[in-house]
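Order of the sequence lines fixes the chain letters, A, B, ..., with proteins taken first and strands second; residue numbering starts at 1 for each chain.
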Amino acid sequence: MSILTSPWPWYIVGPAIGLMVPLLLLLGNKAFGISSSLRHMCAMCIPTNAKFFKYDWKAESWNLVFALGMIIGGCIAGCLLKNPDPIALSESAVESMNKLGVKDYSGLIPTDVFNFNALLTLRGFILMVVGGFFIGFGTRYANGCTSGHAIMGIANLQWPSLVATCCFFAGGLLMTWFILPILMNL
Amino acid sequence: MKNLKFLIAGTIFGIILIRGEVISWFRIQEMFRFQAFHMYGTICSAIAVAMISIMIIKKYNIKTFSGEEIKIADKEFTKGNVIGGLMFGLGWAMTGACPGPLYALIGSGLPIIIVVLLSAVLGTYCYGCLKDKLPH
């Protein structure tokens with residue numbers, strides 16, 4: 001079983017992700033990108049007068065179906081064929097995260113930080129709700145996310161995508177090194 | 001059921017993300033702290049493979065399976081690439097996830113991530129309502 005449940009090295013995962021780009025192009029002329037699904041969900045579910053959501057989302061339904069597939073894939077690999085071992089993190093990373101107050105390393109995310117009870121704490125609310133809001137607002141404002149800009153955009157030699165990716169990274173570094181240590185101690 | 005193929009493609013992608021652990025808050029922290037090569041190797045090799053694939057498609061004028069000409073829209077530069085990009089980065093490091101991983105994490109049996117996803121939908125909604133007032 002371990003061959004089915006053990007994690008894959010980067011040189012398998014990276015190229016496999018990269019191949020999603022030609023796969024989607026060949027399957028139906030679709031540009032690899034996930035964050036548009038958030039916009040389609042707004043257009044589909046929330047009644048609004050905003051022009052931004054007045055378009056034929058049904059024509060883009062492939063993106064929502066793709067997202068649904070990702071949930072199924074997540075279930076297959078993360079539930080049915082769950083890796084029983086904790087992630088093999090570098091020692092220095094564990095040391096740094098211990099300092100942040102993380103205790104539970106058994107799963108894919110620190111469930112002692114991300115859980116329903118923590119939602120009612122200031123720390124949990126900021127990390128999950130504000131963090132999620134930043135992702136949704138930021139990705140649409142930036143016109144793409146890690147898949148649409150960092151992979152699809154850069155691979156298609158789009159310099160705005162390179163700019164966006166550098167900014168994703170700058171924001172992440174700022175959060176990790178300067179803000180997260182404060183947030184984690186709230 | 002013309003979308004069935006995208007359901008299968010999404011499923012494969014979800015499996016790849018989980019097996020690669022790139023959806024892990026721990027791995028994202030490790031990346032932003034420069035404490036492992038895993039994420040850098042993954043992202044760079046993904047870009048390289050995607051880039052070579054696109055070059056081959058363009059050079060040999062390869063068509064879709066249904067015979068259509070393949071067209072990829074250009075990305076136009078706006079100030080949003082910078083401001084929105086920074087904001088996205090903050091959220092990425094806070095939640096340890098970007099939109100794709102959110103779906104895969106929910107599927108992996110973490111219903112708490114539904115909260116993060118709904119909040120992201122709300123964020124996109126607020127952007128849509130404020131779009132005309134923001135610098136672009």
Q | Trace of the side-chain contact (heavy atoms from CB on, under 4.5 Å) decision for M39(B) with V13(A) | A | CA-CA 10 Å; M39(B) 289 298 300; V13(A) 182; over 6 Å; no
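Options P160(A), A118(A), G78(A), A164(A) differ in how many heavy-atom pairs under 4.5 Å they form with chain B, and the most are formed by P160(A). Among H149(A), R140(A), M152(A), the residue with the largest count of heavy-atom pairs under 4.5 Å with chain B is R140(A). The candidate with the highest count of non-hydrogen atom pairs below 4.5 Å against chain B, out of G28(A), S37(A), G153(A), A31(A), is S37(A). Looking only at heavy-atom pairs under 4.5 Å with chain B, the residue among W177(A), F133(A), W62(A) that has the most is F133(A). Each of V94(A), I151(A), L127(A), I12(A) has some count of heavy-atom pairs under 4.5 Å with chain B, and the biggest count is that of L127(A). Contact count against chain B (heavy-atom pairs under 4.5 Å) is highest for I87(A) among V21(A), I87(A), N63(A).
Looking only at atom types and distance, the side chain of Y127(B) has no donor-acceptor partner in the side chain of T139(A) under 3.5 Å away. With no hydrogens or angles considered, a side-chain donor-acceptor pair links Q35(B) and S96(A) at under 3.5 Å. The closest side-chain donor-acceptor pair between K63(B) and N29(A), if any, does not fall under 3.5 angstrom. Residues N143(A) and T78(B) bring no donor and acceptor atom of their side chains to less than 3.5 Å of each other.
With a 4.5 angstrom heavy-atom cutoff, I57(B) touches chain A only via side-chain atoms. Heavy atoms of I126(A) lying under 4.5 Å from chain B belong to its backbone as well as its side chain. If you measure heavy-atom distances from I70(B) to chain A, the contacts under 4.5 Å come from both the backbone and the side chain. Of the two parts of I28(B), neither the backbone nor the side chain holds a non-hydrogen atom closer than 4.5 Å to a non-hydrogen atom of chain A. Neither the backbone nor the side chain of I56(B) comes within contact range of chain A; no heavy atom of the residue lies under 4.5 Å from a heavy atom of that chain. In this structure, chain A has heavy atoms under 4.5 Å from both the backbone and the side chain of K5(B). Within the 4.5 angstrom heavy-atom criterion, atoms from both the backbone and the side chain of A170(A) approach chain B. If you measure heavy-atom distances from I76(A) to chain B, the contacts under 4.5 Å come from the side chain alone. Looking at V102(A), the atoms closer than 4.5 Å to chain B (heavy atoms on both sides) all sit in the side chain, from C-beta outward. Of the atoms belonging to I8(B), not a single heavy atom falls under 4.5 Å from chain A. Of the two parts of I109(A), the backbone and the side chain both hold a non-hydrogen atom closer than 4.5 Å to a non-hydrogen atom of chain B.
Q158(A) contributes a side-chain N or O that, together with a main-chain N or O of K75(B), makes up a donor-acceptor pair within less than 3.5 Å.
Between C79(A) and G107(B), the shortest heavy-atom contact is SG-O, 4.1 Å. Closest heavy-atom contact between F137(A) and L130(B): CE1-CD1, 4.0 Å. Nearest heavy atoms, C167(A) versus N81(B): CB-O, 3.9 Å. In plain terms, the two heavy atoms of F114(A) and M94(B) that are nearest each other are CZ-O, 3.4 Å. The heavy-atom pair separating P135(B) from Y141(A) by the smallest distance is O-OH, 2.7 Å. Looking at every heavy atom in both residues, A9(B) comes nearest to L23(A) through CB-CD2, 4.0 Å.
In this structure, W92(B) and F169(A) have perpendicular ring planes: the angle between them is above 60°, well past the 30° mark. Between F66(A) and F13(B), the ring planes lie parallel to each other; the angle is under 30°, not in the 30° to 60° tilted range.
You'll find the ring centres of F26(B) and Y105(A) inside the 6.0 Å limit.
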